Protein chains: 2
Amino acid sequence: MLGDSTGYEINKLFEDGLFSHFLDASYGSIYPALTRLTEQGMLTCTAEAQDGRPDKKVYSLTARGKKALREALMSPVSPDKHRSEFIFASIFAAMLPGQRVAELVDAQLANCREDLARIEDALASDIDCSSKRFVLGYGQVVMKASIEYLEKHRQDIEAAASPETAPDGAGIPA
Amino acid sequence: MLGDSTGYEINKLFEDGLFSHFLDASYGSIYPALTRLTEQGMLTCTAEAQDGRPDKKVYSLTARGKKALREALMSPVSPDKHRSEFIFASIFAAMLPGQRVAELVDAQLANCREDLARIEDALASDIDCSSKRFVLGYGQVVMKASIEYLEKHRQDIEAAASPETAPDGAGIPA
DNA sequence: TGAGACATATATCGGACCTAAATAGGTCGC
DNA sequence: GCGACCTATTTAGGTCCGATATATGTCTCA
């Protein structure tokens, strides 16, 4: 729907592109899906020969594929899922040394800042499309809120860390 | 680590409890994991007979299990994953009727508000544990930021919706 | 000029995980 | 007494991810 594309390019969309913050899909899903959708008449495939590399297979959405997408978008959407190993580790801060907790917060902050930078780059360059701006703006406010919270409250979780003195498991929620 | 528990109770932790916003796991993961961890000596299991129901199997973390948890928490954590079908649909707002887009925003707002209410209930009742407060607080600010953004910018995505007049696909990002 | 890192490009295996249903009875409200 | 919902475990089926294999081009830096 976003234009003719190869599996490789679709993967990049999920890794660095417009989709990267709120969506995910990997080669193990993308290539089998392209094959299946072509068999079902949702896509057409044009192979372009290249020297020294596998053929570049460019896929295009058919009218039927577009109809199927529109129908899919009319059916109920499931609620967001947000998974965080950082949060998981934070729950058990009381059994970790303070240094490790600080390290976890630093890593989380670095991830958020990187994500925010990527989003703001995209916002600065492609201000053309309103749905794109809406999606990027959503990611931006969520990342900003996370960063602000971590900066303001990191001492709370760092204080919860178990120094050598505290007994194992003291302070873990019941 | 959070106390002796059954598989059923662990599931509730992921569905409504402390873990529900940032983590997920279902019976299909929980029960096999409990069996495997018991075989590996990470857990012990005590079956309590109940009339008319399957035995209630109460699992307890062993010293070895606790050590393995601590080691796991010292190994690198992967970055957060945030998946949203709402965002996916928003990207294609231009091929949907305005009514459908408004419906999607309403549903997303309802989900966020429900989540926020659950978090704030938990914050109001259990203010005992600092790591718990930190985790709930993180969820709270993220949900608040989402709700605020949706309320302030919903007209942007609703305006991007394709009325009957616009051609299919006009306004979809390139 | 050469080494190493990174990008292009597709494909697939193994395993982890989720969804959903099956099973069986209990409690609570109306 | 009926229906809705809660307790409690188990598993079959299918989807999806992570990692790797395969081959080659390009860019950087010494």
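Chain A is the first sequence line, chain B the second, and so forth, proteins listed ahead of strands; every chain is numbered from 1. Just the heavy atoms: all of them, side chains too, but no hydrogens, waters or symmetry mates, feed the values below. Quick caveat: nothing in here was measured; it's all calculated off a predicted structure.
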Q: Give one of base, sugar-phosphate or nothing for A:T6, where a contact means two heavy atoms less than 4.0 Å apart.
A: sugar-phosphate
* Which is true for B:G28 with a 4.0 Å heavy-atom rule: it touches a base, it touches only sugar-phosphate, or it touches nothing? -> base
Closest nucleotide among [options] to the [X] side chain:
X     : options               : value
B:K56 : D:dG18, D:dA8, C:dT10 : D:dA8
B:S26 : C:dT19, D:dC16, D:dT9 : C:dT19
A:Y27 : D:dC17, C:dT12, C:dA7 : C:dT12
A:K12 : D:dC16, C:dT10, C:dT8 : C:dT8

Aromatic ring centroids of B:Y27 and B:F14 under 6.0 Å? no
Whole-Å distance separating the [atom1] atom of [X] from the [atom2] atom of [N]:
X     : N      : atom1 : atom2 : value
A:I30 : C:dA9  : CD1   : C1'   : 12 Å
B:D16 : D:dC6  : CG    : C1'   : 12 Å
A:L23 : D:dC17 : CG    : C1'   : 15 Å
A:L43 : C:dT10 : CG    : P     : 13 Å
B:L37 : C:dA16 : CG    : P     : 12 Å
B:N11 : C:dT19 : CG    : P     : 11 Å
A:I10 : C:dT8  : CD1   : C1'   : 15 Å
A:D24 : D:dT15 : CG    : P     : 18 Å

TODO: Could you check A:S29 against B:P32 and say which one's nearest nucleotide on DNA chain D is further toward the 5' end?
DONE: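 It is B:P32 whose nearest nucleotide is closer to the 5' end.
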Of B:Y31 and B:K81, the one whose closest nucleotide on DNA chain D sits nearer the 5' end is B:Y31
> So, is B:R36 near the phosphate of C:dA16, with a side-chain N or O under 4.0 Å from OP1 or OP2?
Replying inline: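 For C:dA16, neither OP1 nor OP2 has a side-chain N or O of B:R36 closer than 4.0 Å.
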**Asked** Would you call the rings of A:F22 and B:H82 parallel, tilted or perpendicular, where under 30° means parallel and over 60° means perpendicular?
**Response** perpendicular
Item to complete: Run the salt-bridge test on A:E114 and A:R118 with the 4.0 Å N-O cut-off and return the result as yes or no.
Response: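 No, no charged N to carboxylate O under 4.0 Å.
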Is a salt bridge present between A:R100 and A:E103, judged by a nitrogen-to-oxygen distance below 4.0 Å? yes
Do you see a donor-acceptor pair shorter than 3.5 Å between the side chains of B:S130 and A:D156?
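No donor-acceptor contact under 3.5 Å links the two side chains.
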